[in-house]
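Hydrogens, waters and symmetry mates are skipped; everything else that's a heavy atom, side chains included, is used. Along the sequence shown, residues are numbered consecutively beginning with 1.
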Amino acid sequence: MELTIKLWTKVGKFLELHQTLLMLLPIMRKNKGCRSSHIYRDVENEEVLFLSMQWDDSDALGMYLLSEDGGAILGVIDLRGKVIPIVDL
């Protein structure tokens, strides 16, 4: 299962969001069922980031999102950006 989240950073929060996500990615990758996770920057709009994650299945992703680590990444996203999920099952 692949989940890509398009993030529009709040004004003045791009660098903070980018750096925080970079710190959280290695933690995410250690979770059971996480195959990969990456951050990409939109070359046409420098205030947009994409967080791309691949999981074994939706259960593994759900367990991660309900965990303390998952809550941390969701909190960071909520405080510093606006989100549009792009899901590919």
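Within the 4.5 Å cutoff, no side-chain heavy atoms of Met1 are placed close to those of Asp57. Between Gln54 and Ser37, the closest side-chain pair of non-hydrogen atoms is not below 4.5 Å. Looking only at side-chain heavy atoms (C-beta outward), Met53 and Ile5 come within less than 4.5 Å of each other. In this structure, the side chains of Thr9 and Leu15 stay at 4.5 Å or more apart for every pair of heavy atoms.
Residue Lys32 comes nearest to Ala60 through the heavy atom pair O-CB, 3.9 Å, listed as atom of the first residue, atom of the second, then distance. Here the closest non-hydrogen pair linking Glu47 and Phe14 is OE1-CB, 3.6 Å. Between Ile39 and Leu22, the shortest heavy-atom contact is CD1-N, 3.7 Å. Summarising the geometry of Cys34 relative to Met28, their closest heavy-atom pair is CB-O, 3.5 Å, with the distance given to 0.1 Å.
The hydrophobic clustering, which links ILVMFWY residues whose side-chain heavy atoms are closer than 4.5 Å, places Met63 and Leu74 apart. Clustering ILVMFWY residues whenever any of their side-chain heavy atoms sit less than 4.5 angstrom apart, transitively, puts Met23 in a cluster other than the one holding Leu7. Note: the hydrophobic cluster containing Leu49 does not contain Val43 (ILVMFWY, side chain heavy atoms under 4.5 Å, direct or indirect links).
Residues passing the side chain to side chain contact (heavy atoms under 4.5 Å, CB included) test with Asp69 are Ile27, Asn31, Tyr64, Ser67, sequence neighbours excluded. Every residue two or more places apart in sequence or in another chain that forms a side chain to side chain contact (heavy atoms under 4.5 Å, CB included) with His38 is listed here: Arg29, Ser36, Tyr40. Every residue was checked against the side chain to side chain contact (heavy atoms under 4.5 Å, CB included) condition with Ala72, not counting sequence neighbours, and none meets it.
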Could you walk me through whether Arg41 and Val48 pass side chain to side chain contact (heavy atoms under 4.5 Å, CB included), step by step?
CA-CA 6 Å; Arg41 187 173 190 175; Val48 174; over 6 Å; no
Step by step, work out the side chain to side chain contact (heavy atoms under 4.5 Å, CB included) result for Asp42 and Phe50.
CA-CA 7 Å; Asp42 190 320; Phe50 293 90; 4.0 Å; yes
Derivation of the side chain to side chain contact (heavy atoms under 4.5 Å, CB included) call for Leu51 and Leu25:
CA-CA 10 Å; Leu51 173 60; Leu25 285 182; 3.8 Å; yes
